[in-house]
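Here is the structure we will look at, set down as structure tokens.
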2 protein chains.
Amino acid sequence: MPQVSIKDIARMLNISVATVSRALHDRYDVKPETKLKVLELAERLNYRPSSHAIGLLKKRTHTIGLVVPEIDNQFFSEIINGLENVAYQQGYNVMIFQSQNIYEREVKIIDQLIGARVDGIAISIGSSTQDFKHLNMLKDLEIPLAMFDRANDQVYGHKIINDNFEGGYKAGEFLIKSGRKRIAHIAGPSTLKLTRLRMQGFKAALRDAQMELRPEYLVHTTFRMEDSHQTALDLLSLPEPPDAIFAVSDYVALGVLKAARELHLHVPNNLALIGFTNLAVGPLLEPPLTTISQQSYEMGEETARILLENIESPDKDFKLQTRIFKPELVVRNSV
Amino acid sequence: MPQVSIKDIARMLNISVATVSRALHDRYDVKPETKLKVLELAERLNYRPSSHAIGLLKKRTHTIGLVVPEIDNQFFSEIINGLENVAYQQGYNVMIFQSQNIYEREVKIIDQLIGARVDGIAISIGSSTQDFKHLNMLKDLEIPLAMFDRANDQVYGHKIINDNFEGGYKAGEFLIKSGRKRIAHIAGPSTLKLTRLRMQGFKAALRDAQMELRPEYLVHTTFRMEDSHQTALDLLSLPEPPDAIFAVSDYVALGVLKAARELHLHVPNNLALIGFTNLAVGPLLEPPLTTISQQSYEMGEETARILLENIESPDKDFKLQTRIFKPELVVRNSV
DNA sequence: AAAATGTATGTAAACGTTTACGGAACTTTT
DNA sequence: AAAAGTTCCGTAAACGTTTACATACATTTT
């Protein structure tokens, strides 16, 4: 028997839908005998209420939309876990979507989430997104928005981010202290603010140590390993190759590691390497990867907390929040 | 201005909702002038149709539900990617949920998916699930079901799985051929059929080579790295430790690798190690991990294809499909 | 001039659920 | 015996959208 509705049950028992509804909700004003009959039949027919009907009727769906660039990235999947856990605890569902860093997909996803009438949206903006209309219209629609990790100042929404400048600074500082002289940086897509900040922090560390960053030691790549691998090969094949690299993320550092191995460069003897993120595989690499840690799980939790607080606040003008996580240096053996 | 409906637009333009609906759908029988007015206003107010209303009205939602044990596992996130891509191409959406291997969560998720009136469900069953009522009732409800990677014979649904017996056999065979004598196996949760099959294949390989599996060389663990790490420590601390380990998955192999490093055992000199899955990080480990590959992305694609074919088939008695992927030995340096 | 056709729009029902309101049939109070 | 209070259930509207059907007016055909 295909899916049944409250109407079907009502018809079968010769009672009204209102009574069925009340029985299912265990309301006070329904005869125990009737209640039992309803519950039994509902159980037998595997009745499950239609979330569409309820979503239509009530103004709230108790669902939040979550948009990440890609799901097969431990950093984001840990954020998802943190966010989901807090959301579930408060009785909210999470709809997960990935933009694949494609602008058109991101727009489409937002449209869908609006159509699904989610109570709020959490997003880490894709690297190709340059136009923010699709996000700023959420303000007019009164849908709370929280941006995590990849936020943008032109967008009206909460921000849960890292102090990327400081992280970059710490990375540079540590490489300098370890005595390296030819320090390079593989940066991310320049469209991302996070990329620019890590780079600026890194540059500041060099400046404070009266060191200079050679132009050829600053290169850009995407967060995909294949790209960073090629970039690293190029960088390490320079006439005067660097003796240290600060990679904008651990995934990029993995590409560097691969390139170094292919070029028979020993890490850390010939090349010091420091990443950013603190992926779970870091300690298992050879050598274990020195990195700047981001608290992904906690960022997910905090994102959910702020978003839900906004959603549940009766205050129309709920203030925008900014939460900045402090990155920590995680010393292992790659420097 | 908060979210508007077709009714709001109709009221503002002093026309009927039917006309607005027709205009938005670019139907033939609406005056160009009216059409223009509607489209303009809809655009200005950021109108997006309510998926709840449409889901209620139409019988189809063009959505499939996807349930994985955990999302922060590259194997599953690649499956998600494969499945999503095929689904998107055919105009379907995917709702992703994780059960965390917790039975109660799995049941709740299925209830939700039924409530959301998804057109079909794809699931990789959680390791703690012993009762399959929640899955078998989908047959009565006429909701197509596809199980990938972790399937169960008691459940009515399509299966997209690996030839786990053969994979186990290949792993055992390769370790034997490489000259190892004290070969151990770290198996997964014994509730999973996949675990039992890999183990049986492995045992068959030993048997065929007239080798014996010592009871203390067969241990069980979960797929989480922390557990496998401890299990490996115990195993490698036996009075007569194994000189080779077949780990039920790459994640488990990572735990073994960590344990070996802590015990100053060189891989592969003191200990040969072979995993299962072929995670992307495998080649980057030291040593690069030898493993049995599973075509995760392709499994995701195939799952979507079979499920969608079932969904779109007018045939009520669409035959159950079983697709078995052949595992391949991937030789690197850990053996 | 009547009939037929075409064009543009409106009416109303349907999807599944909740809930305010009303009312019938009892039971208790005076 | 009338009034008041309980207990249980039904009616109907609402949520947003689509669509079959009806309708009004204008235009063309006989």
Side-chain angles (χ1 to χ4, degrees), chain A residues 1-39 41-42 45-63 111-119 141, chain B residues 1-39 41-42 45-63 111-119 141:
Chain A
M1 164 118 48
Q3 309 194 42
V4 296
S5 74
I6 230 172
K7 282 190 184 176
D8 298 317
I9 295 180
R11 203 177 316 115
M12 291 176 177
L13 295 176
N14 256 316
I15 56 180
S16 74
V17 290
T19 303
V20 176
S21 176
R22 280 188 287 248
L24 290 170
H25 286 277
D26 204 16
R27 287 286 154 72
Y28 60 99
D29 53 354
V30 41
K31 191 159 56 172
E33 191 192 319
T34 314
K35 192 180 292 183
L36 202 71
K37 274 197 293 189
V38 170
L39 290 178
L41 189 58
L45 299 178
N46 294 314
Y47 167 79
R48 297 293 180 281
S50 158
S51 57
H52 292 127
I54 297 174
L56 199 54
L57 194 59
K58 310 250 170 151
K59 282 309 177 184
R60 297 277 300 283
T61 54
H62 284 269
T63 299
D111 283 351
Q112 264 186 63
L113 290 175
I114 298 172
R117 303 293 189 261
V118 293
D119 293 335
L141 297 176
Chain B
M1 166 118 46
Q3 310 195 40
V4 296
S5 74
I6 231 172
K7 282 190 186 176
D8 298 315
I9 295 180
R11 203 176 317 114
M12 290 177 177
L13 295 176
N14 256 314
I15 55 180
S16 75
V17 291
T19 304
V20 175
S21 177
R22 280 186 287 248
L24 290 170
H25 286 278
D26 205 16
R27 288 285 154 71
Y28 60 99
D29 54 354
V30 42
K31 190 161 57 172
E33 191 193 320
T34 314
K35 194 181 289 183
L36 203 72
K37 276 198 292 188
V38 170
L39 290 178
L41 189 58
L45 298 178
N46 295 314
Y47 167 79
R48 297 293 179 283
S50 158
S51 57
H52 292 125
I54 298 174
L56 198 55
L57 195 58
K58 311 252 169 142
K59 282 309 179 188
R60 297 275 301 282
T61 54
H62 283 268
T63 299
D111 284 350
Q112 265 186 64
L113 291 175
I114 298 172
R117 302 293 189 259
V118 293
D119 294 335
L141 297 177

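For the numbers below, each heavy atom of this structure counts, side chains included, while hydrogens, waters and symmetry mates do not. Naming: A, B, ... by sequence-line order, numbering from 1 per chain. Given the structure is predicted, the values throughout are model-derived calculations rather than measurements.
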How do B/Asp29 and A/Pro49 order along DNA chain C: which one's closest nucleotide is nearer the 5' end? B/Asp29
Taking the nucleotide of DNA chain C with the nearest heavy atom to each, does B/Lys35 or A/Ser50 sit closer to the 5' end? B/Lys35
Have a look at A/His52 and say if it touches a base, only the backbone sugar-phosphate, or nothing, with a 4.0 Å heavy-atom cut-off. nothing
Measuring only between side-chain heavy atoms, which start at C-beta, is B/Leu24 closer than 4.5 Å to B/Leu39? yes
Is the closest side-chain heavy-atom distance between B/His52 and A/Thr61 below 4.5 Å? yes
Nearest atoms (heavy-atom pairs only) where A/Ser50 meets A/Ala53: OG-N, 3.1 Å
Could you pull out the closest heavy-atom pair between B/Asp8 and B/Gln3, with the gap in Å? OD2-O, 4.3 Å
Difference in axis direction between the ends of the helix from C/dA1-D/dT30 to C/dT30-D/dA1, five pairs, 10°: 70°
Once rounded to the nearest 0.5 Å, what's the spacing between atom [atom1] of [X] and atom [atom2] of [Y]?
X	Y	atom1	atom2	result
A/His25	A/Arg27	NE2	CZ	6.0 Å
B/Ile6	B/Tyr47	CD1	OH	4.0 Å
B/Leu56	B/Arg117	CG	CZ	9.0 Å
B/Gln112	A/Thr63	CD	OG1	7.5 Å
B/Thr19	B/Ile9	OG1	CD1	12.5 Å
A/Leu57	A/Lys59	CG	NZ	9.0 Å

Tell me every residue that passes side chain to side chain donor-acceptor pair (under 3.5 Å) with A/Arg48, counting only those two or more places apart in sequence or in another chain. B/Asp111
Identified side chain to side chain contact (heavy atoms under 4.5 Å, CB included) partner of B/Met12 from the options B/Val38, B/Val20, B/Leu45: B/Leu45
The first and last nucleotides of DNA chain C lying within contact of chain B, meaning any atom under 4.0 Å from one of its heavy atoms, run from C/dA8 to C/dG16
Hey, does the side chain of B/Ser51 reach the backbone of A/Gly115 with a donor-acceptor pair shorter than 3.5 angstrom? yes
What residues 15-24 of chain A contributes to the DNA chain D interface at heavy-atom separation below 4.0 Å is A/Ile15, A/Ser16, A/Ala18, A/Thr19, A/Arg22
Numerically ordered, the residues 55-63 of chain B set in heavy-atom contact under 4.0 Å with DNA chain D is B/Leu57, B/Lys58
Atom pairs, protein N/O to nucleotides 22-28 of chain D N/O, distance under 3.5 Å:
none

